[in-house]
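To start, the structure under review is shown below, and the notes come after it.
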Protein chains: 2
Amino acid sequence: MPRKKVSIKEIASAAGVSSALVSMVLNGKAKQYGIGEEATQRVLRIAREMNYQPNIMARGLRSGKSHLIGLVVADIANPFFAKLAREIEKQASANGYTVIYGSSDDNSRRLNSFMQTLVNQGVDGIIAIPCEDTIKVAAELQEQKFPLVLVDRDYTDMEISSVLLDNEQAGRQITDYLIAGGYRHIAFVAYSGDLSHIHGRLVGYQKSMQAHGLTEKIYRFSKEESQVSIRSFLSAISLGDEKVDALIFANNTLTIEGLYMIREMRLRVPEDVALFGFDGGNAFDLFTPPVSYVRQPITEMGRQAFQLLMKQLEATEPQPAEKVVLQSSFVYTDSSKSRPGHK
Amino acid sequence: MPRKKVSIKEIASAAGVSSALVSMVLNGKAKQYGIGEEATQRVLRIAREMNYQPNIMARGLRSGKSHLIGLVVADIANPFFAKLAREIEKQASANGYTVIYGSSDDNSRRLNSFMQTLVNQGVDGIIAIPCEDTIKVAAELQEQKFPLVLVDRDYTDMEISSVLLDNEQAGRQITDYLIAGGYRHIAFVAYSGDLSHIHGRLVGYQKSMQAHGLTEKIYRFSKEESQVSIRSFLSAISLGDEKVDALIFANNTLTIEGLYMIREMRLRVPEDVALFGFDGGNAFDLFTPPVSYVRQPITEMGRQAFQLLMKQLEATEPQPAEKVVLQSSFVYTDSSKSRPGHK
DNA sequence: ATTGCCTTCTGAAACGATTTAGCTTATCTT
DNA sequence: AAGATAAGCTAAATCGTTTCAGAAGGCAAT
């Protein structure tokens with residue numbers, strides 16, 4: 001890696017040919033342009049000797065492509081997104097793309113401004129975990145046929161390629177499971193807000209409860225006051241003021257918050273309350289007892305998201321939007337085992 | 001965001017001036033170049049109306065700067081690195097830089113190739129968590145005066161700017177603490193390999209043990225076989241074959257691995273064995289009992305790392321290397337409370 | 001009227017790679 | 001030998017921005 005980068009021109013003069021020829025050879029288009037065997041080899045050898053590295057900016061300026069893709073997640077410190085990011089990075093790098101990413105904290109202002117930054121940085125496409133008002137930027141980008149793929153959450157009314165979990169099915173299945181285990185007072189706990197994946201999970205829960213003729217108990221806490229809300233909610237349960245024998249936490253950060261409180265209040269799991277969460281993680285496994293959860297096919301989600309993006313990147317004309325829906329698997333542990341005395 | 005990006009030339013013709021003037025105005029150099037007030041305002045207005053966004057590639061080609069920085073961490077799915085990454089991203093964005101990052105898995109081949117990719121992508125500087133053989137690339141980059149900052153781990157024999165934890169002090173302090181709590185058979189457990197931060201922690205442990213006339217017990221497991229090794233190690237403890245009453249895990253992933261085994265083998269903490277780890281995290285807190293740990297000043301590390309990089313980026317002549325050493329704080333919980341019956 | 005000196009602005013080159021159109025040769029055809 | 005064809009190569013334009021040298025015009029001093 002010599003300090004001063006070598007340009008195509010220097011190789012050209014070292015090889016005694018024109019810079020056009022060097023460019024052609026180095027792009028593997030020697031045959032196509034009918035470059036002689038001898039010249040081709042000479043250029044290749046010299047380029048190797050001088051350790052030529054193309055100038056990305058120049059190439060990008062000329063071609064209009066940066067080979068950069070943007071990835072916007074809610075929070076990279078959340079293991080779910082971290083794993084997703086790693087998979088996407090892996091796919092990208094295997095396909096000659098580099099990833100720029102950032103966290104939105106599910107704040108639409110931040111998300112919008114970061115998307116804008118990405119576009120300005122000249123990324124060729126974006127993969128994003130949208131939040132409530134992403135819709136605006138997304139719509140604009142979509143309208144311009146800017147390559148865009150949404151993951152994890154959806155806007156059903158828009159034609160944007162997305163990779164999604166079958167959230168309704170997951171919500172339904174775990175609720176069914178708890179009911180089969182003898183639980184009757186199952187509460188669904190989520191942050192407030194209208195994120196589509198949470199909505200799907202909620203609908204699945206509701207359908208299951210209705211199908212079994214049980215009363216729905218839905219609790220939604222604002223992210224800002226979740227600590228306080230969860231605490232008083234759980235203490236109501238512990239005092240018997242809220243008749244709840246099982247909790248479904250709608251996502252992993254909320255589950256973790258819940259676990260802290262449950263431990264603090266010394267609620268017994270599953271005797272006082274059974275638990276089911278989403279996404280898993282070390283904290284789920286190491287809790288006593290381990291927490292049951294819905295496992296999302298993260299690797300597959302990352303792979304698919306990148307595939308969908310690639311399709312748009314490589315295509316010459318605009319591609320129709322595609323929605324991929326994946327199924328989750330389930331990890332059943334003692335936190336949701338059958339009620340003592342049931343069956 | 002109109003589809004076709006507007007160029008400076010179009011603004012120029014719309015405003016009836018030359019593109020040079022537009023460039024000057026848009027870069028806030030109107031005064032400096034003595035551009036008239038009227039022309040300045042006209043250009044600004046038109047640029048706003050046409051929603052001008054500079055072409056990063058063209059600017060980068062011309063200036064040789066990309067305003068991109070590279071960040072290489074060991075594993076972005078590790079909360080420690082994720083938090084560090086977020087802080088660096090925050091600093092960068094506040095200073096007009098965008099971050100590209102990737103995970104090396106502490107694999108020097110991957111790290112080297114990613115660093116190379118970053119350089120080829122034209123990043124202006126790199127912040128990296130080095131691993132054992134990073135030294136080669138780092139040395140090359142350093143030699144070329146390429147802006148580089150290392151974090152978390154060090155090569156004392158090289159003049160490279162770094163942000164480090166006072167690992168020896170941390171190792172020493174927690175060992176002292178355990179000894180004061182009545183523990184005498186304290187084992188230090190780490191992955192094999194020669195990473196400087198682990199080394200520092202080990203030295204601190206050793207100094208403390210020696211100062212108290214205790215026998216050092218050092219166990220190092222290869223990452224590949226850690227599951228098996230830890231299992232047999234802990235079972236030896238549980239059977240009394242290994243006389244160990246406290247464990248210091250040298251980093252967070254190893255601690256987590258240990259916790260899984262400890263739970264599986266039903267070792268009582270701290271009755272059978274006391275625990276101390278590094279970095280913390282939800283899993284530490286939610287374990288029963290919560291695990292004591294050394295808390296690194298992650299935010300400060302990120303801030304400092306970016307500062308050091310900025311110094312190099314902004315400077316016109318090469319800057320001398322700077323090493324920043326930070327102190328950690330400690331979270332003492334029941335996993336390391338005084339031995340039953342001690343004092 | 002010439003000179004010099006501002007002030008305000010422009011032309012053109014440069015960054016490095018890609019690509020199109022077209023220029024030399026050499027060889028083949030008739 | 002003249003013309004056609006092909007093979008192998010090059011000049012030059014282009015992408016959008018920045019910057020430097022200097023042009024144009026006005027004005028004052030000589």
Side-chain angles (χ1 to χ4, degrees), chain A residues 2-44 46-47 50-68 96 119-122 124, chain B residues 2-44 46-47 50-68 96 119-122 124:
Chain A
R3 176 66 183 135
K4 191 70 192 61
K5 294 239 280 180
V6 201
S7 80
I8 234 172
K9 227 185 264 176
E10 303 174 54
I11 296 182
S13 70
V17 296
S18 74
S19 61
L21 188 148
V22 175
S23 170
M24 292 161 178
V25 169
L26 261 23
N27 284 295
K29 303 191 175 164
K31 285 267 151 49
Q32 177 185 329
Y33 283 106
I35 310 291
E37 184 60 23
E38 194 212 356
T40 303
Q41 290 309 322
R42 186 152 32 98
V43 167
L44 285 176
I46 293 180
M50 299 176 81
N51 185 29
Y52 170 74
Q53 300 295 136
N55 180 315
I56 299 280
M57 302 277 184
R59 180 177 285 175
L61 174 57
R62 180 63 225 246
S63 68
K65 309 251 129 256
S66 63
H67 276 247
L68 246 37
V119 173
N120 292 350
Q121 274 291 339
D124 293 342
Chain B
R3 175 68 183 133
K4 192 67 194 65
K5 295 239 280 181
V6 196
S7 79
I8 236 172
K9 227 184 265 177
E10 303 174 55
I11 296 181
S13 71
V17 295
S18 73
S19 59
L21 187 147
V22 176
S23 170
M24 291 161 179
V25 169
L26 261 22
N27 285 294
K29 301 191 176 163
K31 285 266 152 49
Q32 176 184 330
Y33 283 105
I35 309 292
E37 185 60 23
E38 194 212 357
T40 302
Q41 290 310 322
R42 187 153 30 98
V43 167
L44 285 176
I46 293 180
M50 299 176 82
N51 185 29
Y52 170 74
Q53 299 295 135
N55 179 316
I56 299 280
M57 302 277 186
R59 179 177 284 175
L61 175 58
R62 179 63 227 245
S63 68
K65 309 253 129 256
S66 62
H67 276 247
L68 245 37
V119 173
N120 292 350
Q121 275 290 340
D124 293 342

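This is a predicted model, so every value here is computed, not measured.
Shown here for A:Ala58 and B:Leu61, the closest heavy-atom pair between the two residues is CB-CD1, 3.7 Å. Here the closest non-hydrogen pair linking B:Glu10 and B:Lys5 is OE2-O, 3.8 Å. Considering all non-hydrogen atoms of both residues, B:Gly122 and A:Met57 come closest at O-CE, 4.5 Å. The minimum heavy-atom distance between A:Ile8 and A:Ser19, with the atom names listed, is CG2-CB, 3.6 Å. Looking at every heavy atom in both residues, A:Val6 comes nearest to A:Tyr52 through O-CD1, 3.4 Å.
Comparing B:Ala58 and B:Glu37, the nucleotide of DNA chain C nearest to each residue sits closer to the 5' end for B:Glu37. Along DNA chain C, the nucleotide closest to A:Leu26 and the one closest to B:Ile35 are compared, and the more 5′ of them pairs with B:Ile35.
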Each nucleotide of nucleotides 19-27 of chain D classed B (base within 4.0 Å of a protein heavy atom), S (only sugar-phosphate) or -, in 5' to 3' order, makes BB-------
Protein heavy-atom contacts under 4.0 Å, written 5' to 3' over nucleotides 22-27 of chain C as B (base), S (sugar-phosphate only) or - (none), form the string ------
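In this structure the side chain of B:Val17 reaches within 4.5 angstrom of the side chain of B:Arg42, judged on heavy atoms.
The NZ-P distance, from A:Lys65 to C:dT18, rounds to 15 Å in whole Å. Rounded to whole Å, the distance from NZ on A:Lys31 to P on D:dC9 is 13 Å. As a whole-Å value, the separation of B:Lys9 NZ from C:dT10 P is 15 Å. If you take CD1 of A:Ile11 and C1' of C:dT18, they are 15 Å apart, rounded to a whole angstrom. Atom-to-atom, CD of A:Gln32 to P of D:dC9 comes out at 16 Å; the value is rounded to the nearest Å. We find that CD of A:Glu10 is positioned 13 Å from C1' of C:dA17, with the value rounded to whole Å. C:dT18 atom C1' lies 13 Å from atom CG of B:Leu61, rounded to whole Å. D:dA7 atom C1' lies 14 Å from atom CD of A:Glu38, rounded to whole Å.
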>> Please determine whether side chain to side chain contact (heavy atoms under 4.5 Å, CB included) holds for the pair A:His67 and A:Ile56, giving the CA-CA distance in whole Å, both sets of side-chain angles, and the decisive distance to 0.1 Å.
In response: CA-CA 9 Å; A:His67 276 247; A:Ile56 299 280; over 6 Å; no
Would you tabulate the side-chain donor-acceptor contacts of residues 22-39 of chain B under 3.5 Å, counting partners in other chains and residues two or more places apart, or write 'none'?
unit_1: B:Ser23; atom_1: OG; unit_2: B:Asn27; atom_2: ND2; d: 3.4
unit_1: B:Asn27; atom_1: ND2; unit_2: B:Ser23; atom_2: O; d: 2.7
unit_1: B:Glu37; atom_1: OE2; unit_2: B:Gln41; atom_2: NE2; d: 3.1

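Atom CG of A:Asn120 and atom CG of B:Asn55 lie 10.0 Å apart (nearest 0.5 Å).
The side chain of A:Tyr52 sits closest to C:dA17 out of C:dA17, D:dC9, D:dT17. Listed nucleotides: C:dG11, C:dA17, D:dG16. Nearest to the side chain of B:Ser18: C:dG11.
Among the atoms of the strands shown, none is found under 4.0 Å from any heavy atom of A:Val22. Looking at heavy-atom distances under 4.0 Å, A:Gly34 makes contact with a base.
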